[in-house]
Amino acid sequence: MVDQEYIQDKVILLVEDNPDDQLLTIRALKKHNVMNEVVIAKDGAEALDYLFGEGPHAERDTSVMPQLVLLDLKLPKVDGLEVLRRMRADERTRLLPVVVLTSSREQQDLVDSYGLGANSYVRKPINFEQFIRAVEQLKLYWLVLNEAPPPAY
């Protein structure tokens, strides 16, 4: 049996600029009893600040990393592919599970995401019920079944 308390104390970093998609994702997570804290970064620069403890997140304990990063690609300031590139280039975030969650239908985005080290690529379904099912699968795999790498030393 999975220790629900262990799962709940893990943060999910949602990198999403669209307020509707932020709410949709949070609703879908709650519908499936995902009680993890969800930290929202509204652009790529904010996501990088959070991950690396810079700017407004300078006081954050960077030894505690998210259990999962849900990363949109089409972001202001710094796009999702650049966020992924910087994550994979840094020892502290190199192994963090990253699920690209995007509405992009561009084949090159898919190829580039995997080429930069994304663990998964999910196209956002337009239908809410499809989105709920997709989030259920993400929860089951990434928050329950998947064993995350140990924190960087």
Side-chain angles (χ1 to χ4, degrees), residues 4-90 92-106 109-110 112-113 116-144 146 148-149 151-152:
Q4 191 65 27
E5 190 171 307
Y6 172 75
I7 292 171
Q8 288 177 6
D9 70 359
K10 300 294 184 179
V11 170
I12 297 171
L13 176 60
L14 173 61
V15 188
E16 174 62 65
D17 63 317
N18 182 317
D20 292 334
D21 286 348
Q22 292 168 9
L23 288 172
L24 187 65
T25 303
I26 289 170
R27 277 183 57 203
L29 289 168
K30 286 184 179 177
K31 184 170 176 71
H32 290 291
N33 298 315
V34 175
M35 301 301 162
N36 303 61
E37 177 185 356
V38 178
V39 173
I40 298 174
K42 296 175 182 79
D43 59 57
E46 188 177 341
L48 293 169
D49 282 349
Y50 176 82
L51 289 167
F52 299 122
E54 298 171 353
H57 300 282
E59 301 299 317
R60 191 180 85 73
D61 179 2
T62 57
S63 70
V64 179
M65 285 291 174
Q67 171 84 5
L68 177 64
V69 178
L70 299 175
L71 178 65
D72 191 12
L73 293 182
K74 307 302 183 195
L75 298 167
K77 297 185 183 178
V78 178
D79 72 20
L81 291 173
E82 183 60 24
V83 170
L84 186 56
R85 181 178 290 111
R86 291 187 196 176
M87 286 179 67
R88 295 308 188 227
D90 191 288
R92 298 169 290 177
T93 56
R94 183 174 57 88
L95 299 177
L96 282 181
V98 175
V99 174
V100 171
L101 186 58
T102 185
S103 55
S104 174
R105 300 278 182 230
E106 297 175 35
D109 284 341
L110 176 96
D112 290 345
S113 294
L116 291 169
N119 298 93
S120 185
Y121 189 99
V122 177
R123 287 194 175 101
K124 293 178 194 172
I126 296 169
N127 174 300
F128 180 69
E129 288 305 314
Q130 289 176 323
F131 189 75
I132 292 286
R133 284 193 297 275
V135 169
E136 180 181 25
Q137 295 304 311
L138 288 172
K139 171 206 169 189
L140 179 63
Y141 184 77
W142 291 107
L143 299 176
V144 177
N146 184 57

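Counting from 1, the numbers follow the sequence of the chain as shown.
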Chemist: Locate the shortest heavy-atom distance separating Leu81 from Ser113; write the atom from each residue and the value.
Modeler: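 For Leu81 and Ser113, the tightest heavy-atom pair comes out as CD2-OG, 3.6 Å.
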Chemist: Got a donor-acceptor contact below 3.5 angstrom from the Glu82 side chain to the Val78 backbone?
Modeler: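 No; judged by distance alone, with no hydrogens or angles, the pair does not exist.
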Chemist: Where do Tyr121 and Val99 land on the side chain to side chain contact (heavy atoms under 4.5 Å, CB included) test, with the steps shown first?
Modeler: CA-CA 6 Å; Tyr121 189 99; Val99 174; over 6 Å; no
Chemist: Report, one line per pair, each donor and acceptor closer than 3.5 Å where one atom sits in a side chain of residues 21-28; sequence neighbours left out.
Modeler:
residue: Asp21; atom: OD2; partner: Lys124; partner atom: NZ; Å: 2.9
residue: Gln22; atom: NE2; partner: Glu16; partner atom: O; Å: 2.7
residue: Thr25; atom: OG1; partner: Asp21; partner atom: O; Å: 2.7

Chemist: How long is the span from the CE atom in Met87 to the CG atom in Leu95, to the nearest 0.5 Å?
Modeler: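 If we round to the nearest 0.5 Å, Met87:CE and Leu95:CG are 10.0 Å apart.
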Chemist: Rounded to the nearest 0.5 Å, how far does CG of Asp17 lie from NZ of Lys42?
Modeler: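 Taking NZ in Lys42 and CG in Asp17, the distance rounds to 10.5 Å.
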Chemist: Mind running side chain to side chain contact (heavy atoms under 4.5 Å, CB included) on Leu29 and Val38 for me, showing each step along the way?
Modeler: CA-CA 9 Å; Leu29 289 168; Val38 178; 3.8 Å; yes
Chemist: To the nearest 0.5 Å, what is the distance between CG on Leu73 and CD on Glu106?
Modeler: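 The CD atom of Glu106 is 9.0 Å from CG of Leu73, to the nearest 0.5 Å.
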Chemist: Where is the tightest heavy-atom contact between Asp49 and Pro56, given as atom of each residue plus distance?
Modeler: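 Reported closest heavy-atom pair: OD2-CD, 3.7 Å.
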Chemist: Tell me if a side-chain donor or acceptor on Arg123 pairs with a main-chain N or O of Leu101 at a distance below 3.5 Å.
Modeler: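 No.
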Chemist: Hey, are the side chains of Val122 and Val100 touching, using non-hydrogen atoms and a 4.5 Å cut-off?
Modeler: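 No - every pair of side-chain heavy atoms lies 4.5 Å or more apart.
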Chemist: How many angstroms lie between CG in Asn36 and CG in Leu13, if you round to the nearest 0.5 Å?
Modeler: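 Nearest 0.5 Å value for the CG-CG distance: 12.5 Å.
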Chemist: Out of curiosity, Ile12 CD1 to Met35 CE, how far, rounded to the nearest 0.5 Å?
Modeler: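 So the gap between those two atoms works out to 11.0 Å.
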Chemist: Between atom OG of Ser120 and atom CG of Leu71, what is the distance when rounded to the nearest 0.5 Å?
Modeler: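 With rounding to 0.5 Å, OG (Ser120) is 12.0 Å from CG (Leu71).
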Chemist: Do Leu48 and Glu54 have side chains that get closer than 4.5 Å, going by heavy atoms?
Modeler: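 They are not in contact (no side-chain heavy atoms under 4.5 Å apart), so the answer is no.
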Chemist: Are the side chains of Asn18 and Ser103 in touch, meaning some heavy atoms are under 4.5 Å apart?
Modeler: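 Not in contact.
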Chemist: Could I get the full list of side-chain contact (heavy atoms from CB on, under 4.5 Å) partners for Arg88, not counting sequence neighbours?
Modeler: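 With neighbours one apart ignored, the set is Leu84, Leu96, Val98, Asn119.
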Chemist: Between Arg60 and Tyr50, is NZ or CZ placed under 6.0 angstrom from the six-membered ring centre and within 45° of the ring axis?
Modeler: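 Yes, Arg60 lies over the aromatic ring of Tyr50.
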